[in-house]
Visitor: 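Input: one structure, supplied below.
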Amino acid sequence: MHPIIFTAGQFLGLASWAAAFVSPDGTGRLPAMGWNSWNEYGCNIKEDVFVNVARQLVDLGLKDLGYQYVNIDDCWSDKELRRDANTKELIPDAQKFPRGISGTVGLVHSLGLKFGIYSDAGTDTCGGYVGSLGYEQVDAATFSKWGIDYLKYDNCNVPSQWTDQYQYSPEGLGSDAPNSTIQYSLCAWGHAHVEQWGNTTGHSWRMWGDIMPAWKGQDQWSWGLMPIVNQASLLWEWADFGGHNDWDMLEVGNGDLTLEENRSHFAMWCAFKSPLIIGTPLDTIKKPILDILSNRELIDFNQDPVYGASAMPYKWGDNRPVGTSDMVHPAAFWVGTSTKGIHVFLLNTRDRAVLMRAVFAEISPLKAAAGEEFLVHDMWTGKDLGTFKEYFELEVKTHDTPALRITMVDGKHPNANWSPK
Ligand SMILES: *[C@@H]1O[C@H](CO)[C@@H](O)[C@H](O)[C@H]1NC(C)=O
Ligand SMILES: *[C@@H]1O[C@H](CO)[C@@H](O)[C@H](O)[C@H]1NC(C)=O
């Protein structure tokens, strides 16, 4: 593999380059963690929103847990003026951002956090603001100049059958090319099998339509949690260091999910190695929601420095064959690995409490030692549940997800060489 230095001037570099790039400063190696305005504020944004969120990320302890990106979504630019007539640079909305985007970036940076912006691969964003098509180079340079650390690049209003001249060519860069590193979050909705080429271009790629705060079902282009988990059960293997399936921003705390549904949402997004981008207001956040988003053991799994793969489904449940696609009852039994042990996630998709059993002989990394006793630990409470032989079982509330860490009785990793892929 070719380690390639990714610079802001190259975020437009498209898929003709076969090798993945590696950001030398480590940007994008692990799933991004942060906050984005869309799920709660939509277009109703202004500088205060982002500065207040930045303060709250610090005050609530979320920054210390790794949530570092404060991201603007759509609607930050001037919808009428669009671009400067001479420089062609994007013009921020002066009402919403009186100091310009760079002013807001400075305030957020001064709190030790990073700043993300939004653009679109088409002529216009999804909200009808100007997109980057044809202006990729100037927009990359502008974002770099403003101190931007992260770019969400949406997929609205792309002309059909579009091809262009942009090809990745690191040796072709001028000496004055911007050289700051921008985490590049492709928002290509899973189209064109982005999971198969996203790693040659960006650090993460959206895998599906928009998320909505509902357990299941669909509303236009938005989807509940279970259809997204189903998609993840079929495409989990496309996540690893430097490139992540993005199952969309967190709805934890939004809409009318139950406590158990909020927990399942967070546990599974951690298990998938999805970016963890909070989408709920922080000034009114309730303690149980903050506790979910602050679960250290789940975050540690998502951010593990040694094992980059997503957890995988090892059994669908109810005697269904491996690979069954079911948008209401997706795969229920998941296994992953970390520096601390083997992790099992038991997702109860049923509308009632169910007795769920993790049978050690069915879990490939535990098979070799399946006759032994294992120590089972509850990642939600941080407490050991005891030692067990052959299986561990518990009653799981409707739509809840117990998250277990399994080690040998002395705490040793049961199978440090195993990875889901
Ligand atoms: C980019 O290059 C300039 C000089 O060309 C240097 O001062 C700056 O530190 C570099 N920035 C990064 C992020 O590498
Ligand atoms: C992405 O590319 C990096 C660098 O080559 C590689 O380490 C990683 O495994 C790739 N990720 C995926 C999901 O293929």
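Bear in mind the structure is a predicted one, so any value in this text is a computation, not a measurement. Whatever order the structure lists ligands and atoms in, that order sets their numbers, starting from 1.
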Visitor: Asp139 pairs by salt bridge (charged side-chain N to carboxylate O under 4.0 Å, His left out) with which of Lys88, Lys145, Arg83?
Guide: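 So, applying the salt bridge (charged side-chain N to carboxylate O under 4.0 Å, His left out) to Asp139 and each of Lys88, Lys145, Arg83, only Arg83 qualifies.
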Visitor: Polar-atom distance check: Asn199 versus ligand 2, any N or O pair below 3.5 Å?
Guide: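 It does: an N or O of Asn199 is found under 3.5 Å from an N or O of ligand 2.
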Visitor: Evaluate Lys397 against Glu260 for salt bridge (Lys or Arg N to Asp or Glu O under 4.0 Å), listing each step before the verdict.
Guide: CA-CA 7 Å; Lys397 288 186 188 161; Glu260 289 74 27; 3.8 Å; yes
Visitor: Which ligand 2 atoms are under 4.0 Å away from a heavy-atom of Trp238?
Guide: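 Within the 4.0 Å cut-off of Trp238, ligand 2 contributes 13 (C).
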Visitor: Would you please indicate if the ring centroids of Trp269 and Phe266 are separated by under 6.0 Å?
Guide: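 No, the ring of Trp269 stays outside the 6.0 Å limit from the ring of Phe266, centre to centre.
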Visitor: Of all the atoms in ligand 2, which lie at a distance below 4.0 Å from a heavy atom belonging to Gly243?
Guide: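 Going through ligand 2 atom by atom, the ones under 4.0 Å from Gly243 are 13 (C).
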Visitor: For Thr339 and Asp304, which I'm curious about, is there any donor-acceptor pair between the side chains at under 3.5 Å?
Guide: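 Yes, Asp304 and Thr339 have a side-chain donor paired with an acceptor closer than 3.5 Å.
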